[in-house]
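Note that the numbering runs from 1 along the sequence shown for the chain. Side chains included, hydrogens not; waters and symmetry mates left out as well; all remaining heavy atoms used.
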Amino acid sequence: MDAVIADLHQHWQVYLTMPFIAALIGYVTKRVAIEMMFRPLDFVGVKPVFGWQGVLPANAERMATTATDMLTTNLVDPKEIFARLDPAQVAKEIEQPLLRVVEDVTREVMETYQPRLWEMLPNTAQQLLLKRVQAEAPKAITKIMREIADNIEDVLDLKHMVVENLVRDKALLNRLIRDISRPEMRFIARSGIWFGFALGCVQLVVWALTKSPIVLPLFGLGIGWVTDWLALKMIFLPREPKRFFGVYTWQGIFQKRRDQVAADYGDMIAREIITIPNLLEAVLRGPKSDRLFTMITREVQRTIDQQASVVKPFVAIAVGTKRFQEMKQVAAEKAAERVPETIRHAEAYAVNALDVRNTIVDRMRRLTALEFEQLLRPAFRQDEWKLIAVGALIGGLVGELQVLALLH
């Protein structure tokens, strides 16, 4: 023991640095682990082994599917959301652009199929036809919107829309996870300092007693491994507040921040994922878009049939019954193509009516602790061993450098 005390006295500077180097190892390994979760967005290196891609971007489809399952199962019911739209109000919001579409389509079809006949019709007859069709257009839109709301699953695949957007835009997927977990990421990094310092004090004692060259690399390895593992566990566990040693209460910090996480998550989903432009794009271009166009075409054609009686005798005689049916079909198809774009003019109303943000926030606050954990836990679970292993490797290398420095 006297020899140990003498060595401590002689080399106190070396011993003093050990806890601080261990704290640095703890911090650096955490920062590296965090960055490795998100960066780089694309694989860098030689596939499939020599290189790296951020854990989230590399597993974008799995992560997006997991997030979407949570979203569509527990947080957002498309039928309930779209039921909040008042079809009559939507028609009112888009009335002016809709009337222009009706006039443009009517004139375009008539001038294409029978330009002379259209020119020969008295202006009053032209205006009568246009006004009758225009008068019915809002009613048709109201009926279409009501049918869409009642059968939203037939025209919108919400899960496909969300997954496709997140897989296509990996930066968005990163933000979705990173933005709601910034305090947790800061905790991981800072915890490495304190855990590392504590283990460094133990390392100091063991080195003083043994002087074994293997001590520092092993402790470096252990600091990188244990501090990563412990920090990840403390983010999520315990799920409910738990008292330790009768004096200290701890709850996983992600669970503790439920209200703030709910608000941040709801904001981001409503602002960047379940948006009116994204919903319209999914309806117009998604796997079920053909059903929407069929629905609109059918309703537009019915409206044309009802209102074309004014000029039907003239047109049918001029172009023939078969040609007249073709004209109606073309008119319906042209209207079906332009009506969805016209609905974009109701975006401001729809955002407020759908109220996606507040719906998500309210539902998230009702989740069980285990369900709530699944918002973030899958981002770590599958590949967290890789992050921990990298932290351990860095710690071991730093420990080896310490040995070389001490021996020389």
Side-chain angles (χ1 to χ4, degrees), residues 63-94 144-169 171-182 257-289 292 340-368 371-372 374-376 378-379:
M63 284 301 306
T65 301
T66 301
T68 306
D69 285 341
M70 165 64 74
L71 191 65
T72 56
T73 302
N74 296 310
L75 304 179
V76 176
D77 178 357
K79 196 173 185 67
E80 175 193 347
I81 291 291
F82 278 86
R84 297 172 184 167
L85 289 176
D86 180 353
Q89 184 62 35
V90 172
K92 183 178 179 181
E93 294 286 333
I94 67 171
I144 290 169
M145 291 303 302
R146 187 170 290 114
E147 189 172 352
I148 289 174
D150 291 342
N151 303 278
I152 188 64
E153 293 89 352
D154 292 339
V155 297
L156 172 66
D157 188 335
L158 183 63
K159 183 173 181 178
H160 177 273
M161 181 199 85
V162 176
V163 171
E164 186 178 65
N165 284 336
L166 291 176
V167 171
R168 182 176 61 244
D169 187 352
L172 174 60
L173 176 61
N174 272 357
R175 289 200 306 278
L176 178 64
I177 301 300
R178 196 160 199 165
D179 284 2
I180 67 170
S181 64
R182 288 191 184 280
R257 289 197 318 113
R258 173 179 292 223
D259 285 351
Q260 185 59 50
V261 171
D264 293 344
Y265 193 76
D267 283 339
M268 188 163 188
I269 294 295
R271 187 177 67 249
E272 299 201 50
I273 298 177
I274 304 183
T275 65
I276 300 303
N278 283 351
L279 288 170
L280 282 174
E281 181 68 19
V283 168
L284 299 177
R285 307 279 185 265
K288 298 182 178 181
S289 59
L292 173 70
E341 294 296 327
T342 305
I343 292 176
R344 292 185 190 275
H345 291 271
E347 181 173 343
Y349 161 72
V351 168
N352 291 325
L354 296 180
D355 199 19
V356 172
R357 186 262 183 198
N358 289 329
T359 298
I360 291 175
V361 171
D362 180 61
R363 297 285 170 77
M364 282 183 67
R365 289 172 177 165
R366 298 186 205 170
L367 296 175
T368 66
E371 288 171 337
F372 182 74
Q374 297 312 305
L375 284 172
L376 187 60

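- With hydrogens and angles ignored, the 3.5 Å screen pairs a side-chain donor or acceptor of Tyr349 with a backbone N or O of Asp86.
- Contact check on Arg366 versus Asp362 returns a salt bridge, with a Lys/Arg side-chain nitrogen under 4.0 Å from an Asp/Glu carboxylate oxygen.
- The side-chain heavy atoms of Phe372 and Val261, taken from C-beta on, include a pair separated by under 4.5 Å.
- Between atom CD1 of residue Ile269 and atom CG of residue Leu71 there is a gap of 5.0 Å, rounded to the nearest 0.5 Å.
- Looking only at side-chain heavy atoms (C-beta outward), Asp179 and Asp267 stay at 4.5 Å or farther from each other.
- Looking only at side-chain heavy atoms (C-beta outward), Arg258 and Leu367 come within less than 4.5 Å of each other.
- To the nearest 0.5 Å, the span separating CE on Met268 from CD1 on Ile360 amounts to 11.5 Å.
- If you take CG on Asn278 and CG on Asn165, they are separated by 4.5 Å, rounding to the nearest 0.5 Å.
- With contacts defined as side-chain heavy-atom distances shorter than 4.5 Å, the pair Thr275/Val351 does not qualify.
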Would you sort out whether Phe82 and Asp150 count as a side-chain contact (heavy atoms from CB on, under 4.5 Å), showing the intermediate values? CA-CA 8 Å; Phe82 278 86; Asp150 291 342; over 6 Å; no
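- Counting only distance, with no hydrogens or angles, the side chain of Glu371 and the backbone of Thr368 share a donor-acceptor pair below 3.5 Å.
- The two residues Thr68 and Ala64 have their closest heavy-atom pair at OG1-O, 2.6 Å.
- Using a 4.5 Å heavy-atom threshold, the side chains of Tyr265 and Val361 count as separate.
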May I have the list of side-chain donor-acceptor pairs in residues 155-162 shorter than 3.5 Å, sequence neighbours left out?
residue	atom	partner	partner atom	Å
Asp157	OD1	Lys159	N	3.4
Asp157	OD1	His160	N	3.0
Lys159	NZ	Asp69	OD1	2.7

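- Atom CG of Asn358 is separated from atom CG of Asn352 by 10.0 Å, given to the nearest 0.5 angstrom.
- Contact annotation: the side chain of Leu75 never approaches that of Thr359 to less than 4.5 Å [non-hydrogen atoms, C-beta and beyond].
- Asn174 contributes atom CG, which lies 8.5 Å from atom CD1 of Ile177 (distance to the nearest 0.5 angstrom).
- Residue pairs satisfying the side-chain hydrogen bond (donor to acceptor under 3.5 Å, both in side chains) criterion with at least one member in residues 71-81, sequence neighbours excluded, are listed as follows: Glu80-Arg84, Glu80-Arg363.
- For the pair Glu272 and Arg175, the minimum side-chain heavy-atom distance is below 4.5 Å.
- A side-chain donor-acceptor contact under 3.5 Å links Arg257 to the backbone of Ile180.
- Taking both residues in full, the closest heavy atoms of Ala263 and Arg357 are given as CB-NH2, 3.7 Å, listed atom of the first, atom of the second, then distance.
- To the nearest 0.5 angstrom, Thr65 atom OG1 is 9.0 Å from Leu166 atom CG.
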